[in-house]
Amino acid sequence: MTMLFKEPVQASPEQIIWLERRGWVYELLMDFLSRPPRMSLIAQWRQRAELTHRIPNSRGGKRLRSYLESIPEQHFRSVCYQEAEEYKRLFMGNQAALIPCEGKFRAKRDGADAFACLSHIRSMYADSGVVFNKLYGESDDHIAMELEFMAVMAEGMRSRANSSHMRHSCLELADTQIRFLEIHLVKWAPRFAEELIRATKSPLYSGLAELLREFLAYDLEQLRKWRAETS
């Protein structure tokens, strides 16, 4: 009889922290870049940031955490309203300041085929068994959808590593994430972040933009390192 033993994935202390926190960071970015933030969303993330200290200790992370913690209670409602209006100005409607979808962004900046880009993204979602519950008709190549995909994949990888699933399963998830970052997110999101920094005076969105740019580069580096050491 052939016996299949589930081999736990070994990770260093630094990698364990990274594995535990990365999905949380993708979720944070996704939440604020998916729709105009409500008071409840800003309050929720401010509380989570204070309690968990999981926002990366990078320049963008520090800027974002400092802003969330510094909002005066007496001005909280008006600040939340201003941030929601800023989101609409930046990302919504025909007069939006920025293009939040990869296909259109890369078509305009690089002359890429927007339809081919969107089709490839959809195929990667389907191949990974990921189906989104879209509430606002978001395009599959919207920055928030791509970040949510990474959040889902990161959680899958974390749960498999912690549950001693077979090494091959984790390697497949790592390969998919590396590929998605290399082919899609890293190809346009850092430039999107740079444009966002230039387009806004909001400390919320400038902090998110810096964190997005910093974290994608760091996460890809860590994924490659983890993949090399685990194989």
Side-chain angles (χ1 to χ4, degrees), residues 18-38 41-42 44-45 48-49 54-56 58 60-61 63-65 68 83 87 90-92 96 98-106 117-118 120-158 173-174 176-197 199-200 202 204-223:
W18 163 71
L19 284 167
E20 290 290 336
R21 295 184 178 182
R22 56 191 298 266
W24 192 93
V25 178
Y26 278 116
E27 184 184 350
L28 166 67
L29 292 167
M30 179 272 295
D31 272 354
F32 281 107
L33 294 174
S34 61
R35 59 193 179 278
R38 297 179 179 179
L41 181 70
I42 296 178
Q44 170 194 334
W45 278 108
R48 291 177 72 178
R54 288 189 177 185
I55 294 180
S58 62
R63 184 173 186 176
L64 181 60
R65 183 172 58 248
L68 290 173
E83 298 297 2
Y87 181 95
L90 289 168
F91 306 121
M92 297 177 69
L98 299 173
I99 302 172
C101 297
E102 180 184 351
K104 292 180 180 179
F105 184 97
R106 293 178 64 184
C117 178
L118 180 58
H120 188 262
I121 289 170
R122 286 172 174 167
S123 70
M124 290 199 71
Y125 293 168
D127 290 345
S128 301
V130 175
V131 178
F132 297 113
N133 181 23
K134 299 178 184 178
L135 301 178
Y136 305 99
E138 302 91 338
S139 174
D140 284 320
D141 64 341
H142 191 283
I143 182 67
M145 292 293 97
E146 296 192 12
L147 292 168
E148 185 171 1
F149 175 71
M150 288 298 298
V152 171
M153 299 299 288
E155 175 57 25
M157 183 172 163
R158 184 199 65 79
L173 284 173
T176 298
Q177 292 170 85
I178 290 171
R179 188 165 174 246
F180 191 76
L181 284 167
E182 290 177 340
I183 297 177
H184 292 291
L185 269 169
V186 170
K187 290 287 188 181
W188 77 288
R191 288 182 291 167
F192 169 82
E194 293 287 351
E195 292 187 15
L196 177 53
I197 290 171
T200 188
S202 160
L204 172 63
Y205 291 106
S206 57
L208 287 166
E210 282 193 272
L211 179 58
L212 174 64
R213 181 182 58 191
E214 295 163 348
F215 184 72
L216 290 181
Y218 173 75
D219 196 50
L220 179 56
E221 177 186 358
Q222 290 299 311
L223 276 167

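Below, each value reflects all heavy atoms present in this structure, side chains not excepted, and no hydrogens, waters or symmetry copies. Residue indices begin at 1 and follow the sequence shown.
Contact check for M153 versus F180: no side-chain heavy atoms found under the 4.5 Å cut-off. Under the 4.5 Å side-chain criterion, counting only non-hydrogen atoms from C-beta, F192 is not in contact with E102. Looking at L181 and M150, their side chains come closer than 4.5 Å, going by heavy atoms from C-beta outward. The shortest side-chain heavy-atom distance between T200 and Y87 does not fall under the 4.5 Å cut-off. Inter-residue side-chain proximity for H184 and R106 is flagged as met; some heavy-atom pair is nearer than 4.5 Å. At a threshold of 4.5 Å between non-hydrogen side-chain atoms, the residues L185 and F149 do not count as touching. The side-chain heavy atoms of C117 and F105, taken from C-beta on, include no pair separated by under 4.5 Å.
Contact record, A151 with G23: CB-O, 4.1 Å, taken as the closest heavy-atom pair. Summarising the geometry of A193 relative to L212, their closest heavy-atom pair is CB-CD2, 4.2 Å, with the distance given to 0.1 Å. For the residue pair I55 and G61, the shortest heavy atom distance occurs at CG2-O, 3.4 Å. Of all heavy-atom pairs spanning R65 and P56, the tightest one is NH1-O, 3.8 Å.
Annotation: salt bridge (charged side-chain N to carboxylate O under 4.0 Å, His left out) contacts involving residues 209-219, sequence neighbours excluded, comprise R22-D219, R59-E210, R63-E210, E194-R213, E210-R213. The salt bridge (charged side-chain N to carboxylate O under 4.0 Å, His left out) pairs that include a residue from residues 177-193 are D110-R191, E182-R224, where partners are two or more places apart or lie in different chains.
Atom OH of Y26 is separated from atom CG of L216 by 5.0 Å, given to the nearest 0.5 angstrom. To the nearest 0.5 Å, the span separating CD on Q177 from CE on M124 amounts to 9.5 Å. Summarising the geometry, atom CE belonging to M30 is positioned 8.0 Å from atom CG belonging to L147; distances are rounded to the nearest 0.5 Å. Note that the CG atom of L41 and the CD atom of E83 stand 11.5 Å from one another [nearest 0.5 Å]. Note that CD1 of I183 is 11.5 Å distant from CD1 of I178, once rounded to the nearest 0.5 Å.
When each of L90, I143, L28 is tested with L33 by the rule side-chain contact (heavy atoms from CB on, under 4.5 Å), just one qualifies, namely I143. Checking D140, D141, D127 one by one against R122, the salt bridge (charged side-chain N to carboxylate O under 4.0 Å, His left out) holds for a single residue, D140. Here the options are S123, C101, S139, the test is side-chain contact (heavy atoms from CB on, under 4.5 Å), and the partner is L118; only S139 passes.
For E148 (side chain) and A144 (main-chain N/O), no donor-acceptor pair under 3.5 Å exists by modelled atom type.
With 3.5 Å as the limit, one finds no donor-acceptor pair spanning the side chains of S34 and E138.
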Practice problem: Could you give me the CA-CA distance, side-chain angles and deciding distance for L98 and F91, then say whether side chain to side chain contact (heavy atoms under 4.5 Å, CB included) is met? | Solution: CA-CA 6 Å; L98 299 173; F91 306 121; 3.7 Å; yes

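Considering only residues two or more places apart in sequence or on other chains, E146 meets the salt bridge (Lys or Arg N to Asp or Glu O under 4.0 Å) condition with none of them.
Ring planes of W45 and W24: perpendicular class, angle over 60° (limits at 30 and 60°).
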